[in-house]
Amino acid sequence: AQSVTQLGSHVSVSEGALVLLRCNYSSSVPPYLFWYVQYPNQGLQLLLKYTTGATLVKGINGFEAEFKKSETSFHLTKPSAHMSDAAEYFCAVRENSGYSTLTFGKGTMLLVSP
Amino acid sequence: GAVVSQHPSWVICKSGTSVKIECRSLDFQATTMFWYRQFPKQSLMLMATSNEGSKATYEQGVEKDKFLINHASLTLSTLTVTSAHPEDSSFYICSAAGVSYEQYFGPGTRLTVT
């Protein structure tokens with residue numbers, strides 16, 4: 001079985017500050033890891049994903065995440081927050097085989113203040 | 001590429017009636033489609049997985065007679081909420097996966113049952 005834990009249901013930062021959203025996972029097999037962003041009343045948009053290879057993954061809108069196997073973590077970071085980054089962020093994991101299902105974390109709401 | 005649409009984006013129906021939601025993969029063939037439900041300020045909950053031409057596989061606790069899923073073609077899946085009640089009001093999101101196994105998400109459908 002696989003699971004995802006996102007620390008903090010809400011994270012507040014000031015515009016221009018570092019964004020750090022935490023994600024820890026558990027999986028019995030090598031995982032694929034994802035970060036999605038959701039704006040109000042919209043579907044999910046893929047920010048970035050880790051499958052194999054380089055453990056530091058760069059995504060859209062200046063976000064990046066690092067896969068750390070020893071820590072079972074996949075934290076999302078952005079050096080400088082923009083007001084437009086305010087949204088709900090979901091970390092997800094799935095097994096690296098076929099059509100296995102995505103397991104989502106509970107989400108973290110990122111609040112950006114001017 | 002990899003665009004998934006949902007229709008309608010928002011629907012209001014009266015208690016006891018049925019409502020159908022469509023999910024289409026616009027530029028790829030989706031051998032597998034997934035239906036999720038999302039309550040306010042919560043994560044996505046997988047309802048069912050459907051493969052083209054086969055019966056859907058429902059997650060534990062999801063009533064298959066209430067949430068009818070049809071995946072008749074490689075580009076279309078439908079979710080019909082039968083005899084809807086106010087507690088069925090929610091945000092329903094579909095995703096579609098093709099040969100890459102990666103899920104692409106639709107924009108969601110807001111269902112309100114009065």
Side-chain angles (χ1 to χ4, degrees), chain A residues 1-11 21-25 29-53 57 59-60 86-111, chain B residues 1-11 21 23-26 30-52 54 56-60 62 71 90-112:
Chain A
Q2 51 197 20
S3 66
V4 175
T5 302
Q6 290 184 241
L7 263 179
S9 59
H10 291 80
V11 170
L21 304 182
R22 298 178 186 275
C23 172
N24 288 88
Y25 71 92
V29 298
Y32 285 175
L33 295 158
F34 305 81
W35 274 101
Y36 292 90
V37 61
Q38 185 181 34
Y39 296 97
N41 294 310
Q42 294 187 28
L44 272 64
Q45 181 181 10
L46 180 66
L47 276 177
L48 49 78
K49 63 181 178 182
Y50 168 79
T51 53
T52 58
V57 180
I60 61 171
E88 186 88 29
Y89 291 80
F90 292 97
C91 180
V93 62
R94 75 169 174 88
E95 296 178 1
N96 63 354
S97 60
Y99 290 120
S100 54
T101 55
L102 277 170
T103 300
F104 287 89
K106 294 192 174 186
T108 298
M109 175 64 74
L110 176 65
L111 306 168
Chain B
V3 178
V4 177
S5 70
Q6 280 184 244
H7 179 79
S9 56
W10 180 56
V11 58
I21 302 170
C23 176
R24 292 182 185 271
S25 56
L26 299 184
T31 47
T32 302
M33 286 187 169
F34 303 82
W35 286 95
Y36 296 85
R37 184 173 182 176
Q38 186 180 31
F39 291 104
K41 302 195 184 301
Q42 293 190 29
S43 189
L44 279 72
M45 181 190 75
L46 180 65
M47 299 175 66
T49 304
S50 72
N51 293 301
E52 183 262 339
S54 302
T57 301
Y58 290 80
E59 296 297 302
Q60 193 172 8
V62 177
H71 189 170
S90 192
F91 195 54
Y92 292 88
I93 302 175
C94 74
S95 70
V99 294
S100 69
Y101 304 140
E102 183 165 335
Q103 292 185 40
Y104 298 94
F105 287 83
T109 295
R110 172 76 57 196
L111 171 62
T112 301

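So that the names make sense, note that chain A is the first sequence line, chain B the second, and so on, each numbered from 1.
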(request) Taking all non-hydrogen atoms of both residues into account, name the closest pair between Ser43(B) and Gly105(A) and its distance. (result)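 Taking every non-hydrogen atom into account, OG-O, 2.6 Å.
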(message) Which atoms of Gln45(A) are under 4.5 Å from chain B, going by heavy atoms: the side chain, the backbone, both sets, or neither?
(response)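 Answer is neither: Gln45(A) stays 4.5 Å or more from chain B.
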(request) Give, as side chain, backbone, both or neither, the part of Phe104(A) having an atom under 4.5 angstrom from any heavy atom of chain B. (result)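 Interface part for Phe104(A): both.
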Value rounded to 0.5 Å, distance of [atom1] in [X] from [atom2] in [Y]:
{"X": "Tyr36(B)", "Y": "Leu44(A)", "atom1": "OH", "atom2": "CG", "result": "9.0 Å"}
{"X": "Phe105(B)", "Y": "Gln38(A)", "atom1": "CZ", "atom2": "CD", "result": "9.5 Å"}
{"X": "Leu46(A)", "Y": "Gln103(B)", "atom1": "CG", "atom2": "CD", "result": "11.0 Å"}
{"X": "Tyr32(A)", "Y": "Glu102(B)", "atom1": "OH", "atom2": "CD", "result": "10.0 Å"}

(message) Only pairs of heavy atoms separated by less than 4.5 Å count here; which of Leu46(B), Val4(B), Leu44(B), Ile93(B) has the most with chain A?
(response)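 Ranked by heavy-atom pairs under 4.5 Å with chain A, first place is Leu44(B).
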(request) Pick one of side chain, backbone, both or neither for Gln38(B), based on which atoms fall under 4.5 Å of a heavy atom in chain A. (result)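 Contact with chain A is through the side chain of Gln38(B) alone.
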(message) If the condition is ring pair (Phe, Tyr, Trp, His ring centres under 6.0 Å), which residues does Tyr92(B) pass it with, not counting sequence neighbours?
(response)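 With neighbours one apart ignored, the set is empty.
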